[in-house]
Amino acid sequence: MNGYVEAGYVVGLGTLAAYAASLAVRERAARRRVGAGPAGTPFVAGTSHARVPGPDGAAGPEPVTGAPPDPASGDRR
Amino acid sequence: MSLTTTPTTRATAAAGAGRTGADRPGNGAPGARAAKVEGRRGRRRSDVALTAVGVCALVGVLVTVWLGLWVTPPDRFMGNLVRLLYIHPSIAWVMYICYGVAFLSSLAYLWPRTRSLRFDKLAGASSEVGVVFTGLTLVTGSIWGRPTWGTWWTWDPLLTTTALLFVLYLGYLAVRRIPGEPEVCAKRSAIAAIVAFVDVPICYFSVLWWKSLHQPPSIADPVTGKTYIHGSMAWTLLLSFVSFTLVYVWLVARRYRLFVLAEREGDEGLALALAERRAESREAQA
């Protein structure tokens, strides 16, 4: 066909795909750190699911919460 | 105040911060539980809607590529190079949408009656996506310009103002990262977004205002509405505009969620640090 045409499509769509994938990966990582709370709900102080890493780099104590894991959100607690 | 903790204080603090069930303030209340359930339902609904938009966008882009590369005929003058124009104008169109949304969101934030950090997050998300689309507009335009104009780059008014847009909104993203109180940061960012938006109409109308190497609007006559492209070419271009707009919606929604999660992460970190400090002071008193 034409090298320029293929290059344009590869660069354009490839960049968008890479950016979309990076957003999905970052959201997944952030959700894991926060503890898979609903994205649209306001934060309520005292209901933290966060785990604090210890000085030796090991994960802190398991979060003690009443909320069960949400399989639909990819929560693998 | 030190933020380092010993394992003992950390365990005590975690026990304080993560109290279970009824003894946690507010959590045992039926209202809080109902809000949590409602929030989870809301998120599932938004997940379904976002997935639907993502699937439609992906299918639309794939069909555009198929039509653009294999179905539509070559142009009489440009030959196969016309196929690049099934993605380049659509990407540029989304770039304008991005900055338009960021401008309106920033105005909404600055307007006292509609002031909400949601608008700040929307402006940030839309601008970041806009920078990606501006970069792609410049690159795909350059790839088209090399065989058509004989050069990768020229200081044409449209190209120059588009490059300026790219730099201005990179600056806006840098302004957003300056630390400070959320309201102060949001106000500063909103003003920066409004200032940067001044270049958008200059960029759009530059092909009409100055003698430009870049062609003026060539899809339809802005006055009479008469279209210059027909048949499969017109449908492919229309599908491309719709598909890339859906891609924009999906990307902005994803980026907005990241802002929400980052905010919550900050809040939770602060709450946990406060709980740790309280536990430390209790231990010191005992």
Side-chain angles (χ1 to χ4, degrees), chain A residues 1-56 58 60-68 70 72-74, chain B residues 4-5 7 10-11 13-15 17-21 24-27 32 35-36 38-40 42-44 46-47 61 65 68-69 79-81 83-84 87-88 91 129 132 135-136 139-140 143-144 146-147 247 250-251 254-255 257-258 260-265 267-269 271-272 275-276:
Chain A
M1 195 177 291
N2 189 321
Y4 291 106
V5 174
E6 277 109 7
Y9 274 76
V10 168
V11 170
L13 303 181
T15 305
L16 283 180
Y19 180 61
S22 84
L23 285 184
V25 168
R26 281 161 69 193
E27 186 184 330
R28 205 182 169 95
R31 220 173 264 293
R32 204 171 292 147
R33 282 197 302 272
V34 169
T41 52
F43 171 73
V44 182
T47 58
S48 174
H49 297 188
R51 295 175 71 180
V52 181
D56 54 349
E62 278 289 333
V64 188
T65 67
D70 180 10
S73 65
Chain B
T4 54
T5 57
R10 203 173 65 244
R19 283 169 293 188
T20 52
R24 188 189 297 150
N27 199 41
K36 209 169 184 179
E38 186 52 40
R40 193 162 287 174
R43 196 185 132 213
R44 286 207 180 116
S46 77
D47 273 350
V61 169
V65 170
L69 288 182
N80 279 322
L81 279 173
R83 300 182 194 283
L84 270 176
I87 57 168
H88 172 71
I91 290 172
V129 175
V132 173
L136 287 178
V139 171
T140 53
I143 292 172
W144 178 82
R146 178 72 183 94
V247 169
W250 190 87
L251 289 174
R254 284 279 177 185
R255 189 64 190 88
R257 280 180 168 198
L258 263 178
V260 173
L261 285 166
E263 185 183 58
R264 187 176 304 162
E265 205 176 334
D267 286 347
E268 292 199 352
L272 203 55
E276 285 176 357

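Protein chains get the first letters and strands the later ones, always in sequence-line order, with residue 1 at the start of each.
Legend: residues meeting side chain to side chain contact (heavy atoms under 4.5 Å, CB included) with B/Val61, ordered by chain and number and at least two apart, are A/Leu13, B/Val65, B/Ser243, B/Val247.
Side-chain contact check for B/Val132 versus A/Leu16: some heavy-atom pair is nearer than 4.5 Å. Contact annotation: the side chain of B/Glu265 never approaches that of A/Arg31 to less than 4.5 Å [non-hydrogen atoms, C-beta and beyond]. When side chains are defined from C-beta on, B/Trp144 does not count as touching A/Val5, because their heavy atoms never get closer than 4.5 Å. For the pair B/Arg255/A/Tyr19, a side-chain contact is recorded, criterion being any heavy-atom separation below 4.5 Å from C-beta on.
Among all heavy-atom pairs drawn from A/Ala30 and B/Leu258, the shortest one is CB-CD2, 4.2 Å. The minimum heavy-atom distance between B/Thr140 and A/Gly8, with the atom names listed, is CG2-O, 4.0 Å.
Of the two parts of B/Leu84, the backbone and the side chain both hold a non-hydrogen atom closer than 4.5 Å to a non-hydrogen atom of chain A. Proximity to chain A is limited to the side chain of B/Leu136, based on heavy atoms less than 4.5 angstrom apart.
A side chain to side chain donor-acceptor pair (under 3.5 Å) check over residues 7-16 of chain A, counting only residues at least two apart or in different chains, returns nothing.
To the nearest 0.5 Å, atoms CG (B/Leu69) and CD (A/Glu6) are separated by 7.0 Å.
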